[in-house]
Structures are given as structure tokens and as C-alpha cells.
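Working notes, structure below.
All values derive from a computational prediction rather than experimental measurement.
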Amino acid sequence: MLNFTIDKSLCTKCQVCAGTCIARIIEISDGYPIIPVDKEENCYKCQHCLTVCPTGAISIFGLKATDSRPLAGNYPGPDQLETLIKGRRSVRSYKQENLAPEVISRLLEVAWHAPTGKNCRQVLFTVVDDREKMSQLRGEIMKELAHVVNSGKLPENMAFFGDFVRMWEEKEIDIIFRNAPHLLITSAPASCATPTQDCLIALSYFELFAQSMGVGTVWDGFAYYIFINLLPEFRNTLKIPEDHVIGYVMAFGKPAVDYARTVQHAPALINKV
């Protein structure tokens, strides 16, 4: 049941909700919007109707407009958003302290609002939320990676991981995770329309919101290769479902370095058609 209801004292009969519904299941009866029972299964669960109603007359899934944030006057200005995007940096040096649990929870909750193919909304956030847990995971991975290197099982195109192991064993320099206190892995069921893309978009949202909260991030390709190619058994350690596609990996935490200004890249590559 969609529990689609209309507060007739607020509804202006503008029919904007019906025109916005991407599933075209909202009909008009006596001037008011309705969703016939036989069409409910076609709902995309996008909540467009809830968000587009100018007076907040619509409720769906038991959700009320009064519990949503109003948009008018609350968006960042274009200059602020441009600075956020251009000022984003890959952080490879972190303070050795945990982020507050409420900060991590907020980052994940906001990032989960990222769009997904066909509104599948099945991205799973596997997060290491404590630096001690991260230290233990790092140690286990480096031990197993050393075994792969020493047994000659390292693929030729990934020979550089041998250098990472030596740097860790000789100097405890962590090239793979950059000594970050936290790790985030996004995955989604292979049955989703676009599992990999969904995961990457979610991480992009996570990264930008993290930047706004003073949290540093780095897209961790080395860790991705480990979980996908070199040590896939760690999927089980992290309890990532077998039917999931791992989208990517991101390390994060409080940055140990502050950046003062944006970069100045060359003009965008644009192909006008």
C-alpha cells in the first residue's frame, strides 16, 4: 500500500503532482489527485509527488511534507558550490583519531540520497567506523598481501604491491590506506540496473558532503584492487553479500593538512554537437 493521501484543506487542485509523476499513475478525481489501487504497483517510490506539491497537501508511504526540509532559500549559492567542487582535494594524510559517530552517521545518511538507476536504492555502505578496527583490518590485509607477494602469486601488472608491502614491513608506511582511520566500501546487488554507477555516484555525494563538514577523503583504488583482485576473501570478512558488485572504496577521516585555495585546471574538454 502506498498510503497516498491528500489534505483537501491544503490542496489547490493545481495537478502539478499528476504532471510530475514519472510513472503516470496519478489521476484526477473531482479535482483532487488519486492513485488507483490497480496502479500502485507501478509506483517508482521516487516521492516526486511529495516534494513537488507547493502547499504540502500530499502524503505518501506515511511520510508528511512537514517532515521534509523546505528548499526555498536553503540551497548554497552557485559560488559557494563552485568553491566546494573546485576546492575538493584527495587527502592522503590523516589525524589519528576517530570521527564522532554522529558525523559518520550523517555523512552516510545524506550520501544515501544519491540517485540510483531505476530508483533501485540498494547501495550498501560497508564502513569501518573505528580506527582500532581499521588498524586490525590493515594488519590482516598486509599480512595476507605479503603472503601473496612472497609466494610469487602477485600478477605482473600489480607488481607495485610488492613495493607497498616492503614499505609497510620496513618502515610501516601505509600506501594502500594512507593511515586513514576509516574506510567506506560501496556495493550493490548485481541484479540492480546500474550497480557500479550507483555506487560511484553515492561515493561522490559522500565526498562532497564530507568536504563541507571538514572531513577528508581519498578514492582508494589500491584497496579496490585488493578486494576485487588480490584478496577477494576479505569480502567475507567485511560481510559484503556475495551477490553484490563492489563499486569502489574510499578512505576518510580528519585531514592532517589544510588546503587554502582551489586549483587552476586547464579549460574543460568539451565536444559541442
Side-chain angles (χ1 to χ4, degrees), residues 2 22-23 41-51 60-63 67-69 71 81 84-85 88 90-91 98-130 133-134 137 141 176-178 180-213 215-229 231-253:
L2 300 184
I22 56 178
E41 63 180 14
N42 296 323
C43 177
Y44 283 28
K45 299 180 174 60
C46 64
Q47 299 184 35
H48 276 0
C49 54
L50 173 74
T51 60
I60 190 170
F61 311 120
L63 304 173
D67 293 325
S68 293
R69 290 193 178 195
L71 300 183
L81 194 54
L84 175 65
I85 294 172
R88 182 217 61 86
S90 293
V91 175
N98 284 331
L99 291 173
E102 58 269 23
V103 170
I104 295 178
S105 294
R106 187 180 183 192
L107 287 170
L108 296 175
E109 192 276 331
V110 170
W112 207 73
H113 282 68
T116 58
K118 296 184 68 175
N119 202 36
C120 187
R121 311 216 57 78
Q122 293 298 307
V123 173
L124 174 67
F125 292 135
T126 297
V127 60
V128 181
D129 61 358
D130 180 82
K133 296 178 184 177
M134 187 64 214
L137 177 64
I141 286 177
I176 296 175
F177 302 103
R178 302 292 178 175
H182 304 296
L183 195 70
L184 176 60
I185 303 168
T186 52
S187 65
S191 58
C192 288
T194 53
T196 300
Q197 292 86 341
D198 294 350
C199 291
L200 294 173
I201 294 170
L203 281 178
S204 294
Y205 273 52
F206 178 91
E207 178 180 48
L208 288 176
F209 191 56
Q211 178 88 4
S212 76
M213 296 184 68
V215 176
T217 60
V218 63
W219 294 81
D220 200 335
F222 295 144
Y224 174 78
Y225 290 143
I226 285 176
F227 295 130
I228 295 296
N229 302 111
L231 300 172
E233 62 271 22
F234 274 90
R235 288 177 58 115
N236 295 328
T237 301
L238 296 169
K239 300 180 181 180
I240 298 173
E242 291 184 5
D243 67 332
H244 273 219
V245 174
I246 292 180
Y248 217 74
V249 184
M250 182 170 284
F252 67 101

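With sequence neighbours left out, the side-chain contact (heavy atoms from CB on, under 4.5 Å) criterion links P232 to no other residue. Shown here are the ring-ring contact (aromatic ring centres under 6.0 Å, His included) partners of Y44, two or more places apart in sequence or in another chain: there are none. In this view, T126 and L124, I185, L238, I240 satisfy the side-chain contact (heavy atoms from CB on, under 4.5 Å) rule, not counting sequence neighbours. Partners of D130 by side chain to side chain donor-acceptor pair (under 3.5 Å), not counting sequence neighbours, listed by chain and number: N98. In this structure S105 satisfies the side-chain contact (heavy atoms from CB on, under 4.5 Å) test with no other residue, sequence neighbours excluded. Under the rule for a side-chain contact (heavy atoms from CB on, under 4.5 Å), the partners of Y225 that lie at least two apart in sequence or sit in another chain are M158, F161, N229. Take F252 and apply the ring-ring contact (aromatic ring centres under 6.0 Å, His included) test, not counting sequence neighbours, and it matches H182, F206. By the side chain to side chain donor-acceptor pair (under 3.5 Å) test, H244 is found to be paired with S187, residues two or more places apart in sequence or in another chain being considered.
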For V215 and I104: C-alpha separation, side-chain torsions, deciding distance, then whether side-chain contact (heavy atoms from CB on, under 4.5 Å) applies. CA-CA 10 Å; V215 176; I104 295 178; over 6 Å; no
Between V249 and F177, does a side-chain contact (heavy atoms from CB on, under 4.5 Å) hold up when you go through it step by step? CA-CA 10 Å; V249 184; F177 302 103; 5.7 Å; no
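Atom CG of L107 and atom CG of L99 lie 7.5 Å apart (nearest 0.5 Å). Taken to the nearest 0.5 Å, the CD1 atom of I226 stands 5.5 Å off from the CD1 atom of I141. Taking OG1 of T194 as the start and CD1 of I201 as the end, the distance is 6.5 Å to the nearest 0.5 Å. With rounding to the nearest 0.5 Å, the separation of CG in L208 from OG1 in T217 is 8.5 Å. For the atom pair CD of Q197 and SG of C199, the computed distance is 9.0 Å after rounding to the nearest 0.5 Å. Atoms CZ and CZ, from R106 and F209 in turn, are 4.0 Å apart once rounded to the nearest 0.5 Å.
For residues 108-129, the set of pairs meeting the salt bridge (charged side-chain N to carboxylate O under 4.0 Å, His left out) definition, not counting sequence neighbours, comprises D129-K133. Within the structure, the salt bridge (charged side-chain N to carboxylate O under 4.0 Å, His left out) test picks out no pair touching residues 181-192 (sequence neighbours left out). Each salt bridge (charged side-chain N to carboxylate O under 4.0 Å, His left out) pair with one or both residues in residues 193-210, not counting sequence neighbours, appears once here: R88-E207. The stretch residues 232-243 participates, sequence neighbours left out, in no side chain to side chain donor-acceptor pair (under 3.5 Å) pair at all.
Contact between L200 and G247 at its shortest, heavy atoms only, is CD2-O, 4.1 Å. Between P195 and P189, the shortest heavy-atom contact is CB-O, 3.5 Å. Annotation for G253 and P181: closest pair CA-CG, 3.9 Å, computed over non-hydrogen atoms. Shown here for S90 and V218, the closest heavy-atom pair between the two residues is CB-CG2, 4.1 Å. Considering every non-hydrogen atom in both L184 and L108, the closest pair reads CD1-CD2, 3.9 Å.
Atom CD of E41 is surrounded by 12 or fewer heavy atoms from other residues, nucleotides or ligands within 6.0 Å.
Side-chain contact check for T116 versus Q122: every heavy-atom pair is 4.5 Å or farther apart. Proximity of L50 to S68: side-chain heavy atoms (C-beta onward) are separated by under 4.5 Å at one or more points.
Residue Y248 is tested with Y224, F227, F125 for a ring pair (Phe, Tyr, Trp, His ring centres under 6.0 Å); the sole match is Y224.
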